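If you're wondering where the values come from, they're calculated on a predicted model, not measured in any experiment. Sequence lines set the chain letters: A, B, ... in the order given, protein chains first and strands last, and positions in each chain run from 1.
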Amino acid sequence: MTIKLDRPDDRGRFGEFGGRYAPETLMPALEELEEAFAEAWADPGFRAEFSEILTTYIGRPTPLHPARRLSEELGVEVLLKREDLAHTGAHKINNAIGQGLLARRMGKPRVIAETGAGQHGVATATAAAYFGLECTVYMGEVDIERQALNVLRMEILGAEVVPVRTGAGTLKDAVSEAMRDWVRTVEDTHYVIGSVVGPHPFPWMVREFQRVIGEEVLAQMGEDLPDVVVACVGGGSNAMGIFHPLAERGIELVGIEAAGEGISTGRHGASIGAGTPGVLHGSATYLLQDEQGRVREAHSISAGLDYPGVGPEHAYFHQTGLARYESVTDEEALAGVELLARTEGIIPALESAHAVAWVARERASLAERRVLINLSGRGDKDVEEIGKRR
Amino acid sequence: MGRERLVTLFDRTRAEGRAALLPFLTAGLPDPESSPSLFQAMARAGADGFEVGIPYTDPLMDGPVIQQGSERAIDAGTSPDVALELVATITETTGRPVLVMTYANPILHRGVDEFTAAAAAAGADGVIVADLPVEESGPLRRAAERHGLGVVQFVAPTSSTARIEAVAASDPCFVYAVAEMGVTGEREEASTRLDGLVARIREVTDVPIVAGVGISNPEQAAAAGRVADGVIVGSALVRRVLEAPDPATAATVLERTVASFAAALR
C-alpha cells in the first residue's frame with residue numbers, strides 16, 4: 001500500500017493536514033483555481049507548453065553534478081541537483097512559470113506574490129514579464145534590507161515591490177499581506193504563492209509544478225538511485241519537488257529546517273522539529289506558536305527559511321515517516337556555504353547551504369552511502385549577508 | 001443566554017422595523033482595565049449587541065486599523081484568556097448579546113469544545129471565525145451547539161448560489177454579508193454590491209443577515225440597514241480608540257460616534 005498521495009482528498013487534505021482555512025471572499029477563487037489547475041494539468045497541450053518553456057527558457061533539465069572534491073573532503077559520495085543553474089538562480093522559477101501559464105489560461109491579467117529571500121519574487125516578476133502580466137510583490141522590510149539585490153532585480157523586471165512593515169517584517173507577514181491584497185482583487189488577480197503552503201489547491205499545485213526536479217533525477221539516475229536525498233525546508237517546495245517522485249523507493253528522504261541560533265534559544269524556523277499542529281495561512285500544518293495559539297516569529301539567517309510554518313504535505317510526510325526532518329544552525333549553514341564554495345566552486349544560497357551543512361555534520365554516519373543534495377539556489381543574493389558574518 | 005438571545009434580538013429589531021447595530025471592538029483596547037468602559041459607552045449610545053475581537057497575531061481578514069488594534073491590545077497584555085474575562089465583564093455590565101470574533105488557530109489550538117465552553121461560560125452568545133469557511137466549520141458548529149452558542153457564517157459577493165445554500169444548510173445564527181471585497185477597513189464610497197448580495201441570500205434562507213466590512217459612516221450604515229437585519233461597524237470605531245489620547249476620551253468619542261450610527265438606523 002502506498003502512503004504518499006498523488007493528490008489530496010476532496011477536502012484538500014493530506015491525512016489530517018492541509019484543507020482550506022480561508023476567508024469566504026477567497027473560497028470561490030480557490031474552487032475556481034482548483035478546477036482550472038486540475039483541468040490544465042490533465043491537458044496534454046498545457047503540459048507540453050510548460051515543458052517547452054522549462055527547456056528553452058529555464059534551461060531544464062538542470063545537471064546532476066558529482067561533487068568530487070566535496071566527496072573527498074567529507075568521505076561521503078555527494079551528488080548535487082543543480083537547481084541553482086535554473087534561470088533566475090533557483091527552483092522557484094518552475095512554479096512561477098507554471099502558475100503564470102495558468103493565470104494566462106484563466107484570463108487573469110495581474111499576478112501578486114510574496115517573497116522572503118526574493119527568489120520567488122524575482123521568479124514571479126520574470127514569469128510576469130514572460131507572459132505580459134502586471135506584477136506586485138510583497139516583501140517584509142527586514143528582508144528588503146538583507147536581499148537588496150533581488151529587490152532591484154524585481155524592479156528592473158517591471159514588478160512593483162511593496163514593503164511589509166507589520167509583524168517582524170519577514171516572510172510570514174509578506175504572505176499575510178499578499179493574501180489581504182488577494183481578498184480585495186481576487187476577481188482579476190492570481191496569487192502566485194511561492195511554496196507548498198496556503199489553502200488547497202496551492203500545496204498540491206505547487207508540488208506538481210516542482211515535481212519536475214525529482215522526475216529529472218529519476219531519468220538522470222535510472223536504476224542507480226541515491227541512498228539519501230537531502231533538501232532544505234522553509235515552506236518546502238524544493239524539498240517536496242524532489243521528495244514526492246522519489247518517495248517509497250527505498251531512499252531516505254531528509255528535510256533540513258533552520259535551527260537559527262539554536263533550537264533551545266527559541267530563535268529558529270524549525271516548524272516540524274519544534275512546532276505543534278495548528279493553522280497558518282490557510283492550511284492545517286505544524287507551526288511555531290505560543291501556549292495560547294498565537295503564531296511566534298521565526299528566525300533564520302536565510303530569509304527563505306525564516307517562516308514559522310511548513311507545507312502541509314511535509315507535515316504528512318513527517319507524520320507517516322515518508323521523510324524525516326532535521327535542522328541546522330545559522331553558523332553551520334554559513335560554514336556550509338564556504339565548504340561548497342571552496343571545494344566545488346559553487347556559492348550556494350544560504351537556504352541550500354543548510355542541506356550541505358547537514359551532510360557535512362553527519363558525514364560519519366553517511367560514509368557508506370550515496371547522498372544527493374538538492375541545491376535549490378545560488379548564493380549571489382546572499383554575498384553581502386555572508387560578508388557581514390565572516 | 002446563548003443563541004436564543006440573538007434570535008430574540010433580531011425578532012425585536014425586525015419588529016421595530018430597523019436593523020440592529022452591532023459595533024465591533026477589539027477586547028483589551030486601549031488596555032484590558034479600561035476596555036469594558038468603552039463597551040459600556042457604546043451600550044449607552046444604542047448598540048444592540050457587540051462583536052468582541054480576541055486580538056490575534058495574524059489577522060488575515062483585517063486591514064491596517066484592526067491589525068494595529070490587535071497589536072496594541074496584545075502588547076497591553078490581552079491574551080485570549082484575558083479577552084474572555086473581558087467578555088464576561090462586558091456581557092454582565094451591558095446586558096447586550098456578544099459575539100466573540102477570532103481566527104481558526106487559537107480556537108483549534110485550545111480545542112473547539114474547550115473554547116466554546118469557555119466562551120459560553122463568559123456569557124457570549126455566538127462565535128465568528130474569519131478564516132473558517134463552512135466546509136471547515138463542522139467541529140466548531142457541533143461544539144457550539146453543545147454549549148448553546150450560535151455560529152456565524154460569511155457570504156461574499158463572489159459566493160456562488162451553491163455556497164450560499166451550503167451556508168444556509170449549516171444553520172448559522174446569522175449570515176455575515178461581506179459588503180465589500182477586501183479586508184476590513186473604512187471605505188469612502190458606499191457598497192454597490194450589498195443590495196444584490198442580500199437579495200441572493202434572501203432567496204435561499206430567512207436567517208438574519210448582518211452586513212459588515214467597509215461600513216464606516218452613518219450614511220453607509222443607513223444604506224446597509226435598509227436591506228440587512230443588522231450592521232457591523234468596526235474599523236471606524238477602532239481607529240477612534242487608537243487616536244484617542246486617553247481611555248476617557250476614547251469612551252466619550254465612541255459614545256458620540258455609536259450614537260450617530262444608531263440614529264442613522266432608526
Side-chain angles (χ1 to χ4, degrees), chain A residues 10-13 16 18-32 35 164-168 172-173 175-189 198-200 275-285 287-297 308-309, chain B residues 54-64 67-68 70-71 74 78-83 102-111 115 129-138 152-160 162-164 166-167 175-178 180-185 187 213-214:
Chain A
D10 293 346
R11 296 171 58 225
R13 299 262 172 178
E16 68 189 81
R20 207 174 251 169
Y21 295 87
E24 174 63 24
T25 312
L26 291 183
M27 292 299 286
L30 294 168
E31 289 175 349
E32 180 197 355
E35 200 175 317
V164 178
R165 299 195 170 84
T166 51
K172 179 193 76 164
D173 313 295
V175 175
S176 296
E177 214 45 47
M179 285 195 170
R180 290 185 184 112
D181 177 311
W182 205 34
V183 171
R184 188 180 76 243
T185 60
V186 63
E187 288 157 295
D188 72 351
T189 297
H200 178 60
T276 49
V279 170
L280 180 65
H281 292 144
S283 62
T285 187
L287 61 138
L288 304 179
Q289 55 187 328
D290 68 13
E291 70 293 343
Q292 302 239 23
R294 293 180 298 193
V295 183
R296 281 177 33 209
E297 303 295 351
Chain B
I54 298 181
Y56 182 51
T57 43
D58 295 76
L60 215 58
M61 186 58 203
D62 288 307
Q67 286 177 50
Q68 207 191 327
S70 294
E71 267 177 45
I74 289 172
T78 316
S79 65
D81 288 344
V82 169
T102 185
Y103 284 82
N105 192 54
I107 292 188
L108 298 176
H109 184 79
R110 185 160 183 178
F115 175 82
V129 189
D131 57 349
L132 204 64
V134 65
E135 38 287 74
E136 301 287 2
S137 68
V152 175
Q153 296 286 354
F154 290 84
V155 167
T158 43
S159 303
S160 61
R163 292 198 60 81
I164 298 175
V167 162
V175 173
Y176 190 131
V178 178
E180 289 281 354
M181 295 299 288
V183 294
T184 58
R187 309 283 199 279
V213 180

Practice task
Name the region of B/L108, side chain, backbone, both or neither, that has any atom closer than 4.5 Å to a heavy atom of chain A.
Solution key: side chain
Handout entry: Region of B/P157 in contact with chain A, defined by heavy-atom distances below 4.5 Å
Key = neither
So which residue, [options], ends up with the most heavy-atom pairs under 4.5 Å with chain A?
| options | value |
| --- | --- |
| B/D131, B/V178, B/V134 | B/D131 |
| B/Q153, B/E135, B/R110, B/E180 | B/E135 |
| B/H109, B/M181, B/Q68 | B/H109 |
| B/I74, B/D81, B/V155, B/V167 | B/D81 |
| B/P106, B/P133, B/A156 | B/P133 |

Side chain, backbone, both or neither: which part of [X] has a heavy atom under 4.5 Å from chain B?
| X | value |
| --- | --- |
| A/V175 | neither |
| A/L287 | side chain |
| A/Q289 | side chain |
| A/D290 | backbone |
| A/R165 | neither |

Check whether any side-chain heavy atom of [X] lies under 4.5 Å from a side-chain heavy atom of [Y], and answer yes or no.
| X | Y | value |
| --- | --- | --- |
| A/R296 | B/T57 | no |
| A/E24 | B/R163 | yes |
| B/P59 | A/R180 | yes |

Exercise for the section: Work out which heavy atom in B/D58 is nearest to a heavy atom in A/S176; give both atom names and the distance. Expected result: OD2-OG, 4.2 Å
Exercise for the section: Can you see which heavy atom on B/Y56 is nearest to which on A/V279, and at what distance? Expected result: OH-O, 4.3 Å
Problem - Heavy-atom donor-acceptor pair, A/R184 side chain to B/V183 backbone, under 3.5 Å - result: no
Problem - side chain to side chain donor-acceptor pair (under 3.5 Å) partners for A/T25, two or more places apart - result: none
Completion exercise
Assert top hit (heavy-atom pairs under 4.5 Å, partner chain B, pool A/E177, A/M179, A/E31, A/H281) equals A/E31
Problem - Crowding at CG, A/D10 (>12 non-hydrogen neighbours, <6.0 Å) - result: no
Problem - Whether over 12 other heavy atoms sit under 6.0 Å from A/E35 CD - result: no
Handout entry: Gap between atom CD of A/E32 and atom OG of B/S160 - 0.5 Å precision
Key = 11.5 Å
Practice task
List in chain and number order the residues that pass salt bridge (Lys or Arg N to Asp or Glu O under 4.0 Å) with B/E71, two or more places apart in sequence or in another chain; answer none if no residue qualifies.
Solution key: none
Exercise for the section: Check the pair B/E136, A/R11 against salt bridge (Lys or Arg N to Asp or Glu O under 4.0 Å), reporting the backbone distance first and the verdict last. Expected result: CA-CA 9 Å; B/E136 301 287 2; A/R11 296 171 58 225; 3.5 Å; yes
